[in-house]
S.K.: 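Have a look at this one before I ask anything.
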Amino acid sequence: MASLKLHNSLQPGGPVPFVPREAGKVSWYVCGPTVYDKSHLGHARNYVTSDVIRRILMHYFKFDVKYVMNITDIDDKIIIKARRQRLLEVEKKKQYTADELKQLGLSAFLAYADKSLPLLRAHEKNLNESNYPAARDNAYGKILAGGTLTGDGKPSDAEAKVKMHIGNMNAAAESIKSGQIYPGCDEILLPYLDSLYKETVDTSDQTMFTDLTKAMEELFMQDLESLNVLPPDVITRVTEYVPQIANFVQSIVQKGFAYEADGSVYFDIAAFEKAGNTYARLRPDSKNDKALQEEGEGALSTNLGGKRSPGDFALWKKSKPGEPFWPSPWGDGRPGWHIECSVMASDILGSQMDIHSGGIDLAFPHHDNELAQSEAYFCEAGKGEHTWVRYFLHTGHLHISGSKMSKSLKNFQTIQDALATTFNARRMRIVFLMGKWFDGVEISADMITQADSWESTISNFFTNTKSWLAEAADSAGLQKLSLSVQPGTPLGTELEQAKAEIDAALSNSFDTPRAMLVMLKLVNTTNAYLKDNKDTNLADVEAIAQWLTTIVGIFGLDANAKAPYNGIGWVSTIADNVDPETAVEPYKSMMTKVKADVKALSLDSDVIGELVARDPTGDFEGIAQGGSKDIEQLSLPFLRVAAQLRDELRRVVGAQNSDVKKAILSLTDRIRDHDFTNLGVYLDDRPDNQPSLIKFIPAAELIAAREEKAAAAADKAKKKEEARLAREKVEQEAREKAKTPPEEMFKTDERYGAWDEQGLPTKMKDGSDVPKSQQKQNKKSWDKQKKAHDDLKAKGGL
């Protein structure tokens with residue numbers, strides 16, 4: 001196994017050797033969510049990616065990983081959302097006249113425009129709900145058409161934010177017009193009411209905040225489980241650490257790296273650097289980025305004063321009216337955003353950790369500030385800079401239409417919605433595995449198609465391998481195969497090469513895109529070889545399938561699989577509270593029905609008689625007593641009998657009379673297309689009297705394919721019937737036309753005025769002669785009509 005190297009944000013450039021503090025062990029802290037809303041695909045990208053890396057460390061490189069995640073359950077975003085929701089609830093209970101309510105909506109409408117869409121007032125001084133559409137299109141038409149605010153480049157977060165605000169204004173304008181202020185105006189009322197009444201909210205009762213965060217945390221944990229993300233070893237919450245945070249901050253103050261100003265405490269960057277430390281080690285170029293600094297401080301910190309330098313950041317914030325508070329040496333306040341992670345991570349992992357991770361947007365200022373305050377806390381005079389984090393891993397953004405997926409931009413799809421529509425957990429994970437963990441990814445239709453193709457290829461290989469091995473075991477009398485891999489075989493050599501390439505890929509900073517290609521190549525190479533080499537040793541195929549099973553298990557692609565990921569393919573275990581006899585009952589019942597239906601045919605066949613009499617219960621019990629919980633293994637004895645009965649029916653059908661033959665074909669089709677399909681089993685019929693292969697495929701897929709086939713057949717039959725009816729209509733019209741004698745066919749044509757004895761026109765209505773060209777054409781028509789008329793007469797149709 002190659003030595004692991006990984007990308008470390010603290011050391012820009014290529015991957016560097018990974019050397020944890022303690023051999024064989026890894027301490028890891030990951031920034032968890034701020035729980036004020038449902039989790040979205042951007043969160044899935046971060047936490048699924050971290051889960052993949054964690055699993056590789058644990059199950060491939062065999063590290064003992066301690067994985068700690070925080071939950072931010074109090075910060076500016078949580079305070080604002082919870083407080084605004086409370087104020088809106090109160091407002092909706094007030095008694096307003098219709099005019100008063102409309103005026104409330106219009107006041108909020110104008111306030112929202114002034115703050116969030118200032119160009120509206122530049123185009124319309126007297127803005128209202130009626131002239132808003134014209135003002136919107138004049139002010140922001142180019143944004144709505146896909147342009148940018150500057151007129152250059154591609155749309156990004158700034159344009160996404162404008163579109164979000166326009167969406168809120170659109171809903172509000174329609175709501176004000178209709179007089180139905182709620183809920184259409186909710187989004188513009190929330191900030192407006194907050195600006196009027198925020199200081200009146202009683203925050204001594206913090207349930208308005210905790211009710212929100214507890215509900216959102218529970219949903220987040222459910223989302224992680226749905227995505228097959230391993231639960232953290234330790235979860236920490238900010239509200240459970242406030243006293244420790246105050247003590248941590250006080251220690252930094254005592255060391256001279258922080259100062260108090262008007263009840264808040266700020267980190268002193270100048271003092272930190274003067275002592276020989278480095279600030280903004282992750283993103284030195286962002287050190288003086290005012291926008292990022294303000295974003296890091298939070299929306300409620302804009303009026304806090306007393307900073308010695310614009311870049312100094314809050315460790316402890318003085319609580320203003322309408323904000324939650326805790327006691328501290330500096331008065332009532334609350335933790336700053338960055339300090340929480342320093343305190344909680346250090347409490348669990350100590351003064352140094354191996355890995356700290358999070359999304360790339362957290363690098364500055366959040367992670368840089370974490371580093372500074374933690375290294376200030378742990379530094380000792382005369383010992384140089386303290387290393388708090390050895391390796392910083394930053395996962396790339398998930399983008400939609402050029403802008404990152406973000407709750408604040410409201411351009412996100414929740415994990416719940418994604419799993420209910422576009423994705424399942426495996427498909428989503430495959431998409432993420434196909435991109436490097438530190439790169440950004442923009443989900444596209446092509447990417448999803450590529451992921452589906454990869455999964456289909458791997459799944460089909462698993463299914464086929466299991467069916468081949470099951471057939472071989474059946475031929476050996478249901479005894480366990482004693483397969484042994486022979487060294488130096490073509491497939492054995494391919495497997496060893498794939499193992500080496502996977503090792504190189506995973507050792508190179510968890511290069512999962514490369515690993516996915518290696519796996520796909522191995523399967524395609526194996527399939528091509530098997531196509532031309534029918535007598536290949538199944539041991540080689542089994543070994544390849546088992547190794548692939550291990551890798552997909554390590555990648556977390558099978559929610560039912562557990563390390564060390566033995567077996568072949570996707571695990572199909574029954575629930576712990578279900579006994580094997582109950583689990584196989586549907587398969588046993590199906591076999592019993594097939595037996596009865598075959599017996600009712602009264603066929604003269606010793607083989608069929610022996611199969612009808614066979615009881616596979618003993619084989620099933622042997623598998624169950626061996627401890628297997630795999631429904632495929634447990635059900636196979638019953639499925640084999642039913643499949644073999646069907647195979648035998650197909651062999652004898654040719655020797656039967658027409659009525660029996662029809663009954664047999666109907667029964668064999670039903671067994672394959674309904675009895676087996678409804679149980680998630682596909683019977684792969686093969687030529688030359690070979691036994692059909694039993695393949696386990698999700699019932700939903702098989703039923704969908706069956707319904708699609710039936711729909712196609714129905715459509716074909718419908719078109720055939722329509723064509724038949726059209727032909728009959730044409731034929732009927734031809735018969736009706738043929739009933740007219742040729743001598744009479746031109747007599748009703750008003751263009752003519754005279755006819756000869758055969759009924760052919762000689763004069764036009766105006767007395768002129770019929771043109772020669774027209775006479776020639778009329779004669780051809782007359783001859784054709786005479787033939788049709790004579791034929792009809794000969795057939796007795798007249």
Side-chain angles (χ1 to χ4, degrees), residues 29-40 42-43 46 69-87 190-191 194 198 201 203 205-220 235-246 248-249 263-267 291-304 312-326 328 330 332-345 358-359 361-370 373-374 406-410 412:
Y29 180 86
V30 58
C31 277
T34 300
V35 283
Y36 71 99
D37 208 336
K38 292 181 180 179
S39 300
H40 55 65
H43 295 111
N46 186 20
M69 176 187 288
N70 80 296
I71 298 292
T72 298
D73 58 352
I74 195 69
D75 85 333
D76 289 19
K77 292 176 181 177
I78 292 170
I79 294 168
I80 290 171
K81 179 166 185 176
R83 188 174 66 198
R84 288 177 175 180
Q85 286 181 339
R86 177 65 59 86
L87 288 171
L190 288 168
D194 198 49
K198 60 186 175 186
V201 178
T203 56
D205 176 11
Q206 295 187 4
T207 55
M208 77 171 75
F209 307 110
T210 56
D211 287 349
L212 171 65
T213 57
K214 287 179 180 178
M216 291 300 106
E217 179 184 340
E218 183 177 353
L219 288 177
F220 172 72
I235 295 176
T236 61
R237 298 173 185 83
V238 179
T239 54
E240 298 171 357
Y241 269 83
V242 176
Q244 295 96 314
I245 290 172
F248 198 96
V249 172
S264 295
V265 180
Y266 297 99
F267 188 81
L292 288 176
Q293 290 171 346
E294 291 179 351
E295 183 179 347
E297 289 297 82
L300 299 179
S301 302
T302 54
N303 296 324
L304 292 179
D312 291 351
F313 55 91
L315 302 178
W316 184 266
K317 298 180 180 181
K318 178 183 178 179
S319 288
K320 301 189 292 291
E323 298 175 6
F325 56 87
W326 288 264
S328 81
W330 315 282
D332 289 343
R334 54 193 177 86
W337 175 33
H338 318 295
I339 196 67
E340 63 182 62
C341 290
S342 291
V343 177
M344 293 186 289
D361 57 320
L362 298 179
F364 184 89
H366 184 54
H367 288 159
D368 266 323
N369 290 353
E370 278 187 49
Q373 64 204 10
S374 301
S406 165
K407 291 179 186 176
S408 60
L409 296 179
K410 296 185 179 177
F412 63 88

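Only this structure's heavy atoms are used, side chains among them; waters, hydrogens and symmetry mates stay out.
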S.K.: Would you check if His367 and Cys341 make a side-chain contact, meaning some heavy-atom pair closer than 4.5 Å?
M.R.: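 No, too far: nothing below the 4.5 Å cut-off.
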S.K.: Do Pro365 and Phe313 make a side-chain contact, defined as non-hydrogen atoms from C-beta onward lying under 4.5 Å apart?
M.R.: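 No, every pair of side-chain atoms sits at 4.5 Å or beyond.
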S.K.: Taking side chain as C-beta onward, heavy atoms only, is Thr72 less than 4.5 Å from Pro33?
M.R.: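 Side chain of Thr72 against side chain of Pro33, heavy atoms only: no contact under 4.5 Å found.
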S.K.: If I take atom NZ from residue Lys198 and atom NZ from residue Lys320, how far apart are they, to the nearest 0.5 angstrom?
M.R.: 7.0 Å
S.K.: Taking only Lys NZ, Arg NE, NH1 and NH2, and the carboxylate oxygens of Asp or Glu, determine whether Lys317 and Glu323 approach each other closer than 4.0 Å.
M.R.: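 Looking at Glu323 together with Lys317, the answer is no, because their closest N to O distance does not fall below 4.0 Å.
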S.K.: Could you give the distance from OH (Tyr241) to CD (Glu340), rounded to the nearest 0.5 Å?
M.R.: 12.0 Å
S.K.: Please determine whether the number of non-hydrogen atoms from other residues, nucleotides or ligands lying under 6.0 Å from atom CD of Glu240 exceeds 12.
M.R.: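 Check passes, neighbour count above 12.
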S.K.: Please work out whether the ring planes of His366 and His338 are parallel, tilted or perpendicular, with thresholds of 30° and 60°.
M.R.: tilted
S.K.: Kindly compute the distance separating OH (Tyr29) from CE (Met344), expressed to the nearest 0.5 Å.
M.R.: 4.0 Å
S.K.: Using side-chain heavy atoms (C-beta onward) and a distance below 4.5 Å, is Asn369 in contact with Phe267?
M.R.: no
S.K.: Would you say the side chains of Asp73 and Thr239 form a donor-acceptor pair under 3.5 Å?
M.R.: yes
S.K.: Partners of Arg83 by side-chain hydrogen bond (donor to acceptor under 3.5 Å, both in side chains), sequence neighbours excluded?
M.R.: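 If we apply the side-chain hydrogen bond (donor to acceptor under 3.5 Å, both in side chains) test to Arg83, skipping adjacent residues, the hits are Asp194.
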S.K.: Quick one: are Arg84 and Lys81 in side-chain contact, heavy atoms under 4.5 Å?
M.R.: no
S.K.: Do Trp326 and Ile74 touch side chain to side chain, with heavy atoms closer than 4.5 Å?
M.R.: yes
S.K.: To the nearest 0.5 angstrom, please state how far the OH atom of Tyr36 sits from the NZ atom of Lys77.
M.R.: 4.5 Å
S.K.: Do Glu297 and Gln293 have side chains that approach each other closer than 4.5 Å (heavy atoms only, starting at C-beta)?
M.R.: no
S.K.: Listed by chain and number, what are the side-chain hydrogen bond (donor to acceptor under 3.5 Å, both in side chains) partners of Ser328, not counting sequence neighbours?
M.R.: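 Ser328 satisfies side-chain hydrogen bond (donor to acceptor under 3.5 Å, both in side chains) with Trp316 only.
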S.K.: Looking at CG of Leu300 and CD1 of Ile80, how far apart are the two atoms once the value is rounded to the nearest 0.5 Å?
M.R.: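 If we round to the nearest 0.5 Å, Leu300:CG and Ile80:CD1 are 4.0 Å apart.
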S.K.: Is Arg334 salt-bridged to Asp76, going by a charged N under 4.0 Å from an acidic O?
M.R.: yes
